[in-house]
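Contents: one structure, followed by commentary.
Quick note: numbers below take in every heavy atom, side chains included, and nothing from hydrogens, waters or symmetry partners. Residue numbers begin at 1 in each chain, while the letters A, B, ... track the order of the sequences.
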Amino acid sequence: MTDLVKDSIREILYKSLEKVFPSIYGVDGEPSEKSVEVSRSKDARFGDYATNVALTLSKKLGLKPRDSARTILGAIPLAPDFIENCEIAGPGFINFKISSAFWKQKLTSIHDRKNLYGHANAADQPLVLIEFVSANPTGPLHVGHGRGAAVGDCLARLLRFRGYKVETEYYVNDAGNQMKILGRSLLLRYQELLGKNIEFPGDHYQGDYIKELAQGLKGTALGNELESLSFDEALPLASDFACHRILEGIQEDLRVFGVNFDRYFSEKSLYAQDAIKKALDELTKRDKLENREGAIWFKMSGDEDEKDRVLVRASGEPTYFAADIAYHKNKLDRGYESLVDIWGSDHHGYVPRVKAGMDALGYAPDKLRVMLVQFVNLIRDGKKISMSTRSGEFVTLREVLDEVGTDAARFFFLTKRSDSHLDFDLDLAKRQSRDNPVYYVQYVHARIASIFRIAVERNVDSDISDPDLSALDLPEEEAIMKSLADFPDMLAEAADAMEPHRVTFYLVELSDLFHSYYHDNKVLTQDDRVRKARLFLVEAVRQVIHNGLSILGVTAPDRM
RNA sequence: GCGCCCGUAGCUCAGUUGGAUAGAGCAACGGACUUCUAAUCCGUAGGUCGCAGGUUCGAAUCCUGCCGGGCGUGCCA
């Protein structure tokens, strides 16, 4: 049984189509022709849902669209608890008018399923691994990482809610050149602290957090050990220490942000398993490598990427790209059938490379789906705050969380499609008014909770069992019921498109409907029958707001 | 130069994967509080969907070429 309204309509359509056009929709029909598009109608004059099958069929059948529409129409059964009416409109659309009994049935199902309304158990779903954030452990998370964290975490929650099998992973780049630079940065700051004259190179990590780490070393056993060793001997110890400390800080920031990874995957462990060498051997076997100028190159074939790329430097050290090929191979070998990577959009040029790497190793490149997340501009007092990671002048995620809170931050990161630039207005995120969507949505939840509180205070009966739903006869009430019924459809489509921002837009629209209804209509009326039905309705709104917010990882407060 | 992404109301953005008369919020203007939270609501106004072609019953959406913005094009990550 589907929980999707569109699928219910599709089922009926299929049966009708099988009857009237068996050559296409019968058992012998082409499977690819069997998908039928059903869409919500934006204009009430066109009913509630519409399909364009008659239009898409017309060519194949050599019929006029309106004629085939008429044939299909004749086979669609009308029912008092579902399709009340359907008619042909425009060039050949079939519009469906859904009966109000159907919406009321859906409303009741929200009360039956509660926190599970919109949730689906899907069988035979592939195992998905979502990798996100994966910021180098060389400094604290900044605001841009926050957006990736919010998008990845909400996507994981959304997919899980819709029955996908999902795991999440953070790839820790704890190997390679940047770890050496990190260690050197720390050692130099430590020496500086001990009163030595040092020269701090421009390409080292400038941030104050390095100085703070150095400060923390003073007087410790590790600090003393570092002092007694030569610079080169001390370096790996310093790198390790800095990496661990910074990673702990990152994990703490993520915890505050409500993001929990199933796994932190260490790049070092790839070296420990010899995974990079094995991947390179495999590529050699497949004749994908070439020695040139002392380095080992990946041979790109034509349309994959514009030019060959180095995998092993002349120095003998593998590049990040080599590790990444080994990492993606490792992910697939661990049994994940579908990989989702969430990257900053400045890495977009990297997508064809990694896919070419997978392809060369014999894996289907379309198993990897890369979501690119655009940059975030922080706005204060209407002006952009300048940020530059190099100079160490950047706003950390933690600072933003301390200022606006986790709820506002998470919600804001999802108020735009992830592939467009996001202006994060700090003043707006703290404002308590209509233009701040977080408060607007949370306020719906608080208002409804308040209605039930007041009912208790005033000794008004707020029992909602066995309501008489015929009391819900206002057009606003039907509009709310339609929106609530659409929640599972919206989630399914958002999950399919991997667009968690649709959840935020849905919640704002539902909130619009509610606030307007609340303003014009009293829920706690004298009329027992009306009151009970309206309480039943608003409780369902509260439940859906709650379920939607929980997918976003945002709290649904009872009081504000 | 080449590649990827973007261009929708004054501003910030949606637009159900090609559907019917392109939608919200903010800002502007005008209204609504003896009320279940006014942290709200109602109304007015605002458009050559960057430009020009093409594909078809039908284009903001797909194709081509321009214009403008961002990013990439490291033996950096």
Side-chain angles (χ1 to χ4, degrees), chain A residues 6 37-43 45-46 50 52 55-56 58-59 64-66 89-93 95 135-136 138 173 176-178 181 203 292-297 305-307 309-315 317-321 323-324 344-352 372 374-375 379 382 415-417 419-423 425 428 431-437 439-440 442-444 446-455 457-458 460 486 489-490 493-494 496-497 499 501-502 504-505 508-509 511-512 514-525 531 534-535 538 559-560:
Chain A
K6 284 185 189 172
E37 199 181 298
V38 172
S39 63
R40 239 160 292 134
S41 305
K42 24 185 166 175
D43 192 320
R45 287 181 305 136
F46 302 135
N52 63 357
L55 291 161
T56 54
S58 60
K59 242 188 231 162
K64 284 182 180 166
R66 286 191 68 103
F93 292 104
N95 294 330
N136 289 343
T138 54
N173 296 117
N177 202 34
Q178 82 278 2
I181 296 176
D203 64 347
R292 207 192 305 154
E293 300 149 30
I296 299 174
W297 297 71
D305 196 5
E306 55 216 63
K307 53 181 153 184
R309 308 284 174 181
V310 171
L311 286 171
V312 182
R313 302 180 181 99
S315 66
E317 280 175 308
T319 59
Y320 183 87
F321 179 39
D324 230 5
S345 63
D346 53 333
H347 288 65
H348 69 80
Y350 211 71
V351 178
L372 297 171
Q374 284 281 3
F375 288 120
I379 311 285
T415 52
K416 306 252 186 303
R417 269 196 352 246
D419 58 6
S420 67
H421 286 271
L422 173 68
D423 286 339
D425 188 326
L428 176 60
R431 207 175 300 154
Q432 305 189 341
S433 61
R434 171 67 186 91
D435 46 332
N436 182 346
Y439 282 88
Y440 188 70
Q442 287 183 319
Y443 189 42
V444 171
R447 269 187 152 172
I448 296 170
S450 167
I451 293 173
F452 282 91
R453 262 198 317 271
I454 297 279
E457 274 170 29
R458 295 186 187 169
V460 176
D486 190 44
D489 288 74
M490 178 280 296
E493 285 159 22
D496 183 53
E499 292 184 350
H501 75 277
R502 293 195 197 186
T504 56
F505 282 92
V508 170
E509 274 165 33
S511 299
D512 268 330
F514 173 79
H515 282 308
S516 177
Y517 173 68
Y518 175 93
H519 188 266
D520 293 342
N521 302 283
K522 218 164 157 61
V523 175
L524 297 176
T525 58
R531 184 180 64 244
R534 288 185 176 174
L535 281 169
V538 300
R559 287 172 202 275
M560 288 172 73

What is the nucleic acid contact for [X], judged by heavy atoms within less than 4.0 Å: base, sugar-phosphate only, or nothing?
{"X": "A:L524", "result": "base"}
{"X": "A:D324", "result": "nothing"}
{"X": "A:E293", "result": "base"}
{"X": "A:L55", "result": "base"}
{"X": "A:S420", "result": "sugar-phosphate"}
{"X": "A:P91", "result": "base"}
{"X": "A:A455", "result": "nothing"}

If we only count heavy atoms from C-beta on, is the [X] to [Y] side-chain gap below 4.5 Å?
{"X": "A:Y440", "Y": "A:H515", "value": "yes"}
{"X": "A:T415", "Y": "A:L422", "value": "yes"}
{"X": "A:R531", "Y": "A:L535", "value": "yes"}
{"X": "A:D346", "Y": "A:F375", "value": "yes"}
{"X": "A:R559", "Y": "A:R453", "value": "yes"}
{"X": "A:E499", "Y": "A:F505", "value": "no"}
{"X": "A:R40", "Y": "A:K6", "value": "yes"}

Tell me whether B:U35 sits syn or anti, counting syn as a glycosidic angle within 90° of 0. anti

Separation between the [atom1] atoms of [N] and [M], rounded to whole Å:
{"N": "B:C11", "M": "B:G18", "atom1": "C1'", "value": "30 Å"}
{"N": "B:A27", "M": "B:G65", "atom1": "C1'", "value": "38 Å"}
{"N": "B:G69", "M": "B:C33", "atom1": "C1'", "value": "46 Å"}
{"N": "B:C42", "M": "B:A59", "atom1": "P", "value": "33 Å"}
{"N": "B:G47", "M": "B:G10", "atom1": "P", "value": "7 Å"}
{"N": "B:A14", "M": "B:A32", "atom1": "C1'", "value": "29 Å"}
{"N": "B:U16", "M": "B:C67", "atom1": "P", "value": "29 Å"}
{"N": "B:G53", "M": "B:G72", "atom1": "P", "value": "35 Å"}

Calculate, to the nearest 0.5 Å, the distance between atoms CD1 and OH belonging to A:I451 and A:Y518 respectively.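 If we round to the nearest 0.5 Å, A:I451:CD1 and A:Y518:OH are 5.5 Å apart.
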
About how many Å separate CG of A:D419 and NE2 of A:H348, when rounded to the nearest 0.5 Å? 12.5 Å

Does RNA chain B take part in any stems of at least 3 consecutive Watson-Crick or G-U pairs (both distances under 3.5 Å), and if so, which ones?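 Consecutive-pair runs (3 or more) involving RNA chain B: B:1-5 with B:69-73, B:10-13 with B:23-26, B:28-32 with B:40-44, B:50-54 with B:62-66.
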
Is a side-chain N or O of A:S420 found less than 3.5 angstrom from the main chain of A:R417, in a donor-acceptor match? yes

Keeping A:R313 on the side-chain end and A:P318 on the backbone end, is there a donor-acceptor pair under 3.5 Å?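 Pair found, side chain donor or acceptor close to backbone of A:P318.
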
Roughly how many Å is it from [atom1] in [X] to [atom2] in [N], rounded to a whole number?
{"X": "A:F93", "N": "B:U16", "atom1": "CZ", "atom2": "P", "result": "14 Å"}
{"X": "A:N173", "N": "B:A77", "atom1": "CG", "atom2": "P", "result": "9 Å"}
{"X": "A:L428", "N": "B:G25", "atom1": "CG", "atom2": "C1'", "result": "10 Å"}
{"X": "A:H501", "N": "B:U16", "atom1": "NE2", "atom2": "C1'", "result": "11 Å"}
{"X": "A:F321", "N": "B:C75", "atom1": "CZ", "atom2": "P", "result": "12 Å"}
{"X": "A:L422", "N": "B:A14", "atom1": "CG", "atom2": "P", "result": "10 Å"}
{"X": "A:N521", "N": "B:A32", "atom1": "CG", "atom2": "C1'", "result": "15 Å"}
{"X": "A:N136", "N": "B:C76", "atom1": "CG", "atom2": "C1'", "result": "10 Å"}

Test salt bridge (charged side-chain N to carboxylate O under 4.0 Å, His left out) applied to A:D324 - qualifying residues, sequence neighbours left out: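 If we apply the salt bridge (charged side-chain N to carboxylate O under 4.0 Å, His left out) test to A:D324, skipping adjacent residues, there are no hits.
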
Apply side chain to side chain donor-acceptor pair (under 3.5 Å) to A:S511 and list each qualifying residue two or more places apart in sequence or on a separate chain.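 If we apply the side chain to side chain donor-acceptor pair (under 3.5 Å) test to A:S511, skipping adjacent residues, there are no hits.
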
Which residues pass the side chain to side chain donor-acceptor pair (under 3.5 Å) test with A:R45, not counting sequence neighbours? A:D43

What nucleotide, of [options], holds the atom closest to the side chain of [X]?
{"X": "A:K416", "options": "B:A20, B:A77, B:U12", "answer": "B:U12"}
{"X": "A:R45", "options": "B:C36, B:C75, B:U21", "answer": "B:U21"}
{"X": "A:D423", "options": "B:C13, B:C36, B:C76", "answer": "B:C13"}

With a 4.0 Å limit, can you tell me whether [X] has a side-chain N or O closer than that to the phosphate oxygens OP1/OP2 of [N]?
{"X": "A:K42", "N": "B:A20", "result": "yes"}
{"X": "A:R40", "N": "B:G19", "result": "no"}
{"X": "A:R309", "N": "B:U73", "result": "no"}

Provide a list of protein-nucleic acid N or O atom pairs under 3.5 angstrom, restricted to nucleotides 39-41 of chain B.
| unit_1 | atom_1 | unit_2 | atom_2 | d |
| --- | --- | --- | --- | --- |
| B:A39 | O4' | A:Q432 | O | 3.2 |
| B:A39 | N6 | A:M560 | O | 2.8 |
| B:A39 | N1 | A:Q432 | OE1 | 3.3 |
| B:U40 | OP1 | A:R434 | N | 2.3 |
| B:U40 | OP2 | A:R434 | N | 3.3 |
| B:U40 | O2' | A:R447 | NH1 | 3.2 |
| B:C41 | OP1 | A:Y440 | OH | 2.4 |
| B:C41 | O2' | A:H519 | ND1 | 3.1 |

Nearest-nucleotide wise, let me know which of A:I451 and A:R431 is further upstream toward the 5' end of RNA chain B. A:R431

Using heavy-atom distances to pick each residue's nearest nucleotide on RNA chain B, tell me which of A:A89 and A:N177 is more 5'. A:A89

For the pair A:L55 and A:F93, evaluate side chain to side chain contact (heavy atoms under 4.5 Å, CB included) and give the outcome as yes or no after the intermediate values. CA-CA 7 Å; A:L55 291 161; A:F93 292 104; 3.8 Å; yes

Between the protein and nucleotides 70-72 of chain B, list every N/O to N/O distance that falls short of 3.5 Å.
| unit_1 | atom_1 | unit_2 | atom_2 | d |
| --- | --- | --- | --- | --- |
| B:C71 | O2 | A:H348 | NE2 | 2.7 |

